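Single-structure report; data block below.
Treat the numbers as computed from the prediction; the structure is a model and nothing was measured. All heavy atoms count here, side chains included; hydrogens, waters and symmetry mates do not.
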Amino acid sequence: MYPKPELHAETRIVISPIAAPSIMGLFGYGSAAMVTGSWLAGWWGDASSPFYFAPFVLLYGGIVQLLAALWDALAVGMHSAWGSYWTAYGILQLLIGLLAPPPDNFGAFAIWFVPLAAITWIGTILSLTQSIGLAAVLGTLALSSTLFAVGNWRILTCVLRTPKVSGYTVVVNRVGGYVLFISSILALYVGTALMVANETGYVFPPVFVMPKSRRRVPVATGAGEPGVKKGQ
């Protein structure tokens with residue numbers, strides 16, 4: 001009789017390759033911003049349209065961005081903020097469509113954009129260390145957030161007290177929609193560049209990566225080995 005070998009519990013670690021999460025974050029944001037921005041710019045639809053695109057904005061613009069926020073410091077700040085916004089916006093529009101229109105209180109909605117604009121302006125400055133393309137996405141997004149905050153701020157009615165206030169609000173919001181749409185195009189552009197770089201190793205179309213960012217040693221897959229890829 002041979003002695004039975006001792007049984008030891010073995011731990012297996014399997015690391016699977018992970019693509020840059022900002023690919024899905026940028027595509028999710030870009031798609032939601034394109035739909036919403038074009039509607040705000042007055043290119044299509046009516047007052048009931050948000051109820052129909054709210055589920056798409058909620059899932060792709062909101063939840064997908066929140067998933068993308070799990071990696072990389074800059075991605076955490078930007079995708080978590082805007083993923084939360086698009087999720088809340090989608091839920092709000094669904095509630096409005098199912099229940100009743102809200103009271104005419106633009107100031108309450110404008111307050112959403114105050115912290116969002118501040119966070120996004122900070123992200124714009126920090127993104128200048130990475131690439132001009134990403135800074136362009138965040139810069140136009142920050143500008144549109146600022147325009148929406150100013151355009152919807154109800155206190156303007158009390159301060160200006162002119163017949164042009166309502167028209168002023170409409171014009172500023174419409175301009176914000178145009179800027180948001182431009183930001184969505186830039187987001188899809190940068191997301192495409194990240195996806196191409198992930199698959200081929202070449203950054204195309206160009207996003208004008210900053211020299212300091214190029215010198216960073218990325219955490220990436222080895223030759224024929226599984227690994228983890230950096231978020232941005």
Side-chain angles (χ1 to χ4, degrees), residues 19-38 40-41 60-62 64-86 89 112-151 172 175-220 229-232:
S22 280
I23 295 175
M24 66 178 182
L26 286 167
F27 280 152
Y29 158 70
S31 300
M34 180 177 290
V35 172
T36 308
S38 60
L40 288 170
Y60 201 21
V64 167
Q65 275 205 91
L66 291 175
L67 293 175
L70 298 177
W71 300 274
D72 193 86
L74 184 59
V76 167
M78 298 301 102
H79 291 314
S80 62
W82 283 99
S84 300
Y85 165 76
W86 289 116
Y89 181 81
W112 288 22
F113 293 102
V114 174
L116 283 171
I119 292 170
T120 311
W121 281 121
I122 293 171
T124 302
I125 296 171
L126 293 177
S127 65
L128 289 171
T129 63
Q130 294 196 10
S131 74
I132 299 299
L134 184 58
V137 174
L138 295 178
T140 49
L141 177 56
L143 178 58
S144 68
S145 303
T146 305
L147 289 170
F148 290 141
V150 172
V172 173
V175 173
Y178 277 90
V179 178
L180 184 63
F181 184 82
I182 293 172
S183 179
S184 72
I185 297 296
L186 293 171
L188 297 179
Y189 177 93
V190 176
T192 300
L194 287 175
M195 185 168 60
V196 172
N198 182 80
E199 293 298 320
T200 67
Y202 298 98
V203 180
F204 183 83
V207 293
F208 308 103
V209 179
M210 303 304 290
K212 184 178 179 180
S213 182
R214 290 195 191 99
R215 290 195 295 268
R216 295 174 184 169
V217 179
V219 180
K229 294 191 175 180
K230 185 173 172 59
Q232 288 287 356

Separation between CG of Leu186 and CD1 of Ile132, rounded to the nearest 0.5 Å:
12.0 Å
What is the minimum heavy-atom distance between Ala75 and Ala68, and which atoms define it?
CB-O, 4.2 Å
Roughly how far apart are Leu40 CG and Leu147 CG, rounded to 0.5 Å?
11.5 Å
Closest heavy-atom pair and its distance - Ile185, Met34:
CD1-CE, 3.4 Å
Taking every heavy atom of Leu26 against every heavy atom of His79, the minimum-distance pair comes out as N-CE1, 3.9 Å
Supply the atom-to-atom distance Trp82 CH2 to Leu66 CG, rounded to the nearest 0.5 angstrom.
13.0 Å
In terms of heavy-atom contacts, Phe113 and Ala149 come closest through CB-CB, 3.8 Å
Leu116 side chain reached by Phe148 side chain, heavy atoms, under 4.5 Å:
no
Ser38: which residues meet the side-chain hydrogen bond (donor to acceptor under 3.5 Å, both in side chains) condition with it, sequence neighbours left out?
Trp44
Look up atom OG in Ser84 and atom CH2 in Trp112, then write down how far apart they are to the nearest 0.5 Å.
10.5 Å
Closest heavy-atom pair and its distance - Ser127, Thr124:
OG-O, 2.7 Å
Inter-residue atom distance Leu141.CG - Tyr29.OH, 0.5 Å rounding
4.0 Å
For a quick check under 3.5 Å, do Ser145 and Trp121 share a side-chain donor-acceptor pair by atom type?
no
Nearest heavy atoms of Val137 and Ala187, plus distance in Å:
CG2-N, 3.6 Å
Any donor-acceptor pair under 3.5 Å from Glu199 side chain to Met195 backbone:
no
Atom CG of Leu138 and atom CE of Met78: how far apart are they, to the nearest 0.5 Å?
6.0 Å
Test of understanding: with ring-ring contact (aromatic ring centres under 6.0 Å, His included), list the residues that count as partners of Phe27, not counting sequence neighbours.
none
Any sub-3.5 Å donor-acceptor pair from Tyr189's side-chain atoms to Pro206's backbone N or O?
yes
